[in-house]
Chemist: 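Here you go, one structure.
Along the sequence shown, residues are numbered consecutively beginning with 1.
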Amino acid sequence: MASRLRMLVPYLFVGPAVLSVAIFLYGPLIASALLSVLDWNLLSSDVRFVGLGNYETVFANMDFRTAAWNTLLYCVILIPAQIILPLILALMIHAVRHTPMQGLYRGSLFLPTIVAYSVAGVAWSWLLNPVNGLFNEIFGFFGFPKSRWHTDPDLALLCVSLVTFWKTFGLNMLLWLAALATLPHELREASQLDGASARRHFFTISLPLMTPTAFFISITTFFHVLDDIVGVIDVLTQGGPAGRSSSLLYFLWQQGLQFFQFGPASAVAVIIIVAVLVVTWLQFRVGEKRVHYG
């Protein structure tokens, strides 16, 4: 009897985690898949099976097409920026690691990450105000024409990308800093003795040793870009003007929680899940081969 109880102990520790994942992850996934083939408002008893009807409705919706295209543009702009620019900042901070200013630089650059999206949106909406915002006041002082910024259909997506980058780049910067801190000093000294330049040392020694961190950042950044832009869009542009700054997740939120179109919203959720799975599979398929462990 005692031995059987000891066998149950590991399951008691793992059980809460498994249960929470089942309830809060797999449960909503299954519910979304079911709702995507049903016509049901979750309140009445009138439930109709529509098959792929919700998917046809979604793909025929011009707002969905615009949101899908915007999401692709967000990924093209933000993913490289969220990987490369934090790496450059990390290298600059790492270069002054032996000075008391490193902590100040690191804290100042990471500070936007802990700011709430509502606070960030309000602050940037004041900075980008097309009438009397700080940026336009500076432009006017130097004689440049004022811009409409996030109220301009041609600039709204770029403004959302800028604010999203400012709000989220700090985490990747810290990950790169952690990777740089773990590099062996002996390799740097050996490359200096061999006459290697700092640039050659970075691309031939440091960067290959940091490929596990680079691979992790590339995977997580894709998820963060899809999710992080929603908060900025909601506070700064509400998807406008004319849907030019919307995204798939924001379109899903509008369909489900604003218009109560749960069938189409669930269809969008399934489409997003499939797209994320495909992209993640490709990242593992292509990127993991280039990762050097140890």
Side-chain angles (χ1 to χ4, degrees), residues 7-45 47 49-52 54-55 57-58 64 67-68 71 74-75 78-79 82 112-121 160 164 167-172 174-175 215-235 238-239 246-284 288:
M7 292 175 62
L8 291 175
V9 169
Y11 297 99
L12 293 176
F13 284 106
V14 176
V18 174
L19 187 62
S20 63
V21 169
I23 293 175
F24 297 108
L25 178 61
Y26 294 111
L29 289 178
I30 296 172
S32 296
L34 291 175
L35 285 173
S36 69
V37 296
L38 299 176
D39 182 10
W40 184 31
N41 62 7
L42 301 183
L43 298 177
S44 69
S45 59
V47 182
F49 178 78
V50 295
L52 299 178
N54 288 323
Y55 293 91
T57 301
V58 165
F64 169 80
T71 302
Y74 280 126
C75 290
L78 282 173
I79 291 177
Q82 292 280 36
T113 305
I114 63 176
V115 174
Y117 281 105
S118 57
V119 176
V160 170
T164 303
K167 171 71 177 67
T168 57
F169 79 91
L171 178 59
N172 284 353
L174 282 188
L175 291 173
F215 182 62
F216 175 79
I217 289 176
S218 66
I219 296 291
T220 57
T221 298
F222 174 66
F223 297 119
H224 289 162
V225 165
L226 293 178
D227 184 52
D228 291 338
I229 54 177
V230 177
V232 177
I233 291 172
D234 187 42
V235 176
Q238 291 79 49
S246 183
S247 71
L248 283 177
L249 275 177
Y250 190 75
F251 177 80
L252 184 158
W253 177 81
Q254 286 181 314
Q255 292 295 310
L257 298 180
Q258 279 192 332
F259 308 139
F260 300 104
Q261 299 294 321
F262 296 109
S266 299
V268 176
V270 173
I271 292 170
I272 294 174
I273 291 168
V274 172
V276 168
L277 289 175
V278 170
V279 172
T280 304
W281 178 81
L282 289 174
Q283 286 179 307
F284 272 92
E288 197 170 23

Chemist: Does some side-chain heavy atom of Phe64 sit less than 4.5 Å from a side-chain heavy atom of Leu248?
Modeler: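 Yes, at least one pair of side-chain atoms sits under 4.5 Å.
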Chemist: Search all heavy atoms of Trp40 against all heavy atoms of Leu35 and return the closest pair with its distance.
Modeler: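 Here Trp40 and Leu35 meet closest at CE3-CD2, 3.8 Å.
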Chemist: Distance from Ile114 atom CD1 to Lys167 atom NZ, nearest 0.5 Å?
Modeler: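 Between atom CD1 of Ile114 and atom NZ of Lys167 there are 9.0 Å.
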Chemist: Please name all residues satisfying side-chain hydrogen bond (donor to acceptor under 3.5 Å, both in side chains) with Asp227, sequence neighbours left out, ordered by chain then number.
Modeler: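 Asp227 satisfies side-chain hydrogen bond (donor to acceptor under 3.5 Å, both in side chains) with no other residue.
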Chemist: What are the two closest heavy atoms between Ser247 and Val230, and how far apart are they?
Modeler: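 So the two residues come closest at OG-CG2, 4.3 Å.
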Chemist: Hey, does Leu226 have a side-chain heavy atom less than 4.5 Å from the side chain of Cys75?
Modeler: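 Sidechains of Leu226 and Cys75: in contact.
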Chemist: So which atom in Ser246 and which in Tyr74 form the shortest heavy-atom distance, rounded to 0.1 Å?
Modeler: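 In this case the closest contact between Ser246 and Tyr74 is O-CE1, 3.6 Å.
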Chemist: Supply the atom-to-atom distance Leu29 CG to Ile273 CD1, rounded to the nearest 0.5 angstrom.
Modeler: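 Nearest 0.5 Å value for the CG-CD1 distance: 4.5 Å.
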Chemist: Could you report the tightest heavy-atom contact between Gln82 and Asn172, atom names first, then the distance?
Modeler: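 Closest heavy-atom pair between Gln82 and Asn172: O-ND2, 2.8 Å.
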Chemist: Nearest 0.5 Å, please: how far is OG1 in Thr57 from CG in Leu52?
Modeler: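 If we round to the nearest 0.5 Å, Leu52:CG and Thr57:OG1 are 10.5 Å apart.
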Chemist: Name all residues meeting the salt bridge (charged side-chain N to carboxylate O under 4.0 Å, His left out) criterion together with Asp234; count only those two or more places apart in sequence or in a different chain, and write none if there are none.
Modeler: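 Asp234 satisfies salt bridge (charged side-chain N to carboxylate O under 4.0 Å, His left out) with no residue once adjacent residues are dropped.
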Chemist: How far apart are the closest heavy atoms of Ala67 and Phe251, and which atoms are they?
Modeler: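 That closest heavy-atom pairing would be CB-CB, 4.0 Å.
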Chemist: Indicate every side-chain donor-acceptor pair of residues 253-272 with a distance under 3.5 Å to a residue at least two apart or in another chain.
Modeler:
residue	atom	partner	partner atom	Å
Ser266	OG	Phe262	O	2.8

Chemist: Where the side chain of Thr221 meets the backbone of Ser218, is there a donor-acceptor pair that is under 3.5 Å apart?
Modeler: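 Absent.
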Chemist: Got a second to check how far Leu249's CG is from Ile233's CD1, nearest 0.5 Å?
Modeler: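 The distance works out to 9.0 Å.
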Chemist: Does Phe24 have any side-chain contact (heavy atoms from CB on, under 4.5 Å) partners at least two apart in sequence or in another chain, and if so, which?
Modeler: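 Counting only residues at least two positions away or on another chain, Phe24 forms a side-chain contact (heavy atoms from CB on, under 4.5 Å) with Ser20.
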Chemist: Could you pull out all residues at least two apart from Tyr117 that satisfy side-chain hydrogen bond (donor to acceptor under 3.5 Å, both in side chains)?
Modeler: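 side-chain hydrogen bond (donor to acceptor under 3.5 Å, both in side chains) list for Tyr117, sorted by chain: Asp228.
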Chemist: So do Ile229 and Leu78 actually touch side chain to side chain, heavy atoms under 4.5 Å?
Modeler: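 With C-beta onward as the side chain, the pair touches.
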Chemist: Not counting sequence neighbours, which residues clear side-chain contact (heavy atoms from CB on, under 4.5 Å) with Thr280? List them please.
Modeler: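 Thr280 satisfies side-chain contact (heavy atoms from CB on, under 4.5 Å) with Phe223, Val276, Gln283, Phe284 only.
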